[in-house]
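Because the structure is predicted, anything quoted here is derived from the model rather than measured. Sequence lines set the chain letters: A, B, ... in the order given, protein chains first and strands last, and positions in each chain run from 1.
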Protein chains: 2
Amino acid sequence: MAHPRKTPDPVDLPQRARLTPQRLAVVEAIRRGPRSFTVAELYDRARRQEPKLGLATVYRTLELLRRTDAIRPLAGSPRAEYVRCSPGHHHHLICLSCGTVEETELCAAPSDAELRRRHGFAPESHELDVYGTCAECRAA
Amino acid sequence: MAHPRKTPDPVDLPQRARLTPQRLAVVEAIRRGPRSFTVAELYDRARRQEPKLGLATVYRTLELLRRTDAIRPLAGSPRAEYVRCSPGHHHHLICLSCGTVEETELCAAPSDAELRRRHGFAPESHELDVYGTCAECRAA
DNA sequence: ACTGATACTGATAATCACTCTCAGTTACGG
DNA sequence: CCGTAACTGAGAGTGATTATCAGTATCAGT
């Protein structure tokens, strides 16, 4: 889980949203926790700060954060998992051995032109998840 | 990586598995149906051939097929969706307008060497889903 | 053909992740 | 302060998936 980051990832709420203690608790729990997490785990951690917190509020807050790309549901994994994301285009390296998720800015999706020519398809976005073994697990 | 395809997609069961009428019905329903489908849709169609078919059996068969990469859960879409896959490495083009899923052999994931150098990560596999607008919807 | 082991089955209950509802509460611009 | 729209927790509701279990089908060895 140890991946040096220079600046802590911003985890922001949308502009219109009110800053409530409940939302703060969720955001803090995300910020302080591991990069990837399940809703249940997050709920548990956020409740340590805000014991009355309701599960529905956690889902509501996650939805807000998803809209700002602060987090992203983790595709291809057991359900109910999210990853905390830094801003900007990036993809995920998922370790099959320990489950940690790393980000990479490396990206090599098929080019728009190629997709258009070969498939008549106009791409808007893409998701790339790479599975394998992380540095730590390879060392061990 | 890219395998051009002449023959219709094989939809095979694992070698050890018994070929029961129920499984046949599920496999046939997949083969004859659209490329992407929900479990509920599949269940309905398979029951036309095998009316006594149980839902649990459908799930069990889907799990078998998933293990052989004959189908794949569709990441990032509403739950309970699968895509029928051709053999060989490929990725999916998902139309945001009509929801159809197309396959492409175009693939440009970050190179193993690059991932290893930059992240110490040893990749084994990857998943790439491209979202956009398909040829038909662009025409309309 | 018999037989025991094992794989498979449908029905149903149980579990899970998530969503909805609603009455009460709160943040915050004015 | 105050009005109000946004937010809240609790819990019921929903839909997908998994687990359980007793009965059934198939297979390998005789």
**Report entry** More than 12 heavy atoms of other groups within 6.0 Å of B/Glu136 CD
**Finding:**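 No, CD of B/Glu136 has 12 or fewer neighbouring heavy atoms, counting only those of other groups under 6.0 Å.
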Query raised in the report: Do A/His126 and A/His91 have side-chain atoms, one donor and one acceptor, less than 3.5 Å apart?
Result: yes
Query raised in the report: Do B/Thr104 and A/His119 get their side chains close enough for a donor-acceptor pair, meaning under 3.5 Å?
Result: yes
Rounded distance (Å) that lies between atom [atom2] of [N] and atom [atom1] of [X]:
X: B/Leu19; N: C/dA7; atom1: CG; atom2: P; value: 17 Å
X: B/Glu41; N: D/dG15; atom1: CD; atom2: C1'; value: 15 Å
X: A/Leu62; N: C/dC18; atom1: CG; atom2: C1'; value: 11 Å
X: B/Leu42; N: D/dG15; atom1: CG; atom2: C1'; value: 17 Å
X: A/Arg66; N: C/dC18; atom1: CZ; atom2: P; value: 12 Å
X: A/Tyr43; N: D/dG11; atom1: OH; atom2: P; value: 10 Å

For nucleotides 23-29 of chain D, print each protein N/O atom paired with a nucleotide N/O atom at under 3.5 Å, atom names and distance only.
unit_1 : atom_1 : unit_2  : atom_2 : d
D/dT26 : O2     : B/Arg18 : NH2    : 3.2

Query raised in the report: Using purine N1 to pyrimidine N3 plus N6-O4 or O6-N4 for Watson-Crick, or N1-O2 and O6-N3 for G-U wobble, both under 3.5 Å, which nucleotide pairs with D/dT30?
Result: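 Base partner found: C/dA1.
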[X] with [Y]: basic N within carboxylate O range, under 4.0 Å:
X: B/Glu102; Y: B/Arg35; answer: no
X: A/Glu63; Y: A/Arg60; answer: no
X: A/Arg117; Y: A/Glu114; answer: yes

Query - Short side-chain N/O contact from B/Tyr59 to OP1 or OP2 of D/dT17, under 4.0 Å - result: yes
Query raised in the report: Is there a side-chain polar atom (N or O) of B/Arg60 under 4.0 Å from OP1 or OP2 of D/dA19?
Result: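 For D/dA19, OP1/OP2 do not have a side-chain N/O of B/Arg60 under 4.0 Å.
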**Report entry** Expected output: side-chain A/Arg47 to main-chain A/Lys52 donor-acceptor under 3.5 Å
**Finding:**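 It does not hold such a pair.
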**Report entry** Distance-minimising heavy-atom pair for A/Leu53 and A/Tyr43
**Finding:**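 Minimum heavy-atom separation between A/Leu53 and A/Tyr43: O-OH, 3.2 Å.
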Query raised in the report: Between A/Pro21 and A/Glu50, which heavy-atom pair has the shortest distance, and what is it?
Result: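 In this case the closest contact between A/Pro21 and A/Glu50 is CB-OE1, 3.9 Å.
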Query raised in the report: For DNA chain D, which residues in residues 46-56 of chain B have a heavy atom at a distance below 4.0 Å?
Result: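 Contacts with DNA chain D under 4.0 Å: B/Leu55, B/Ala56.
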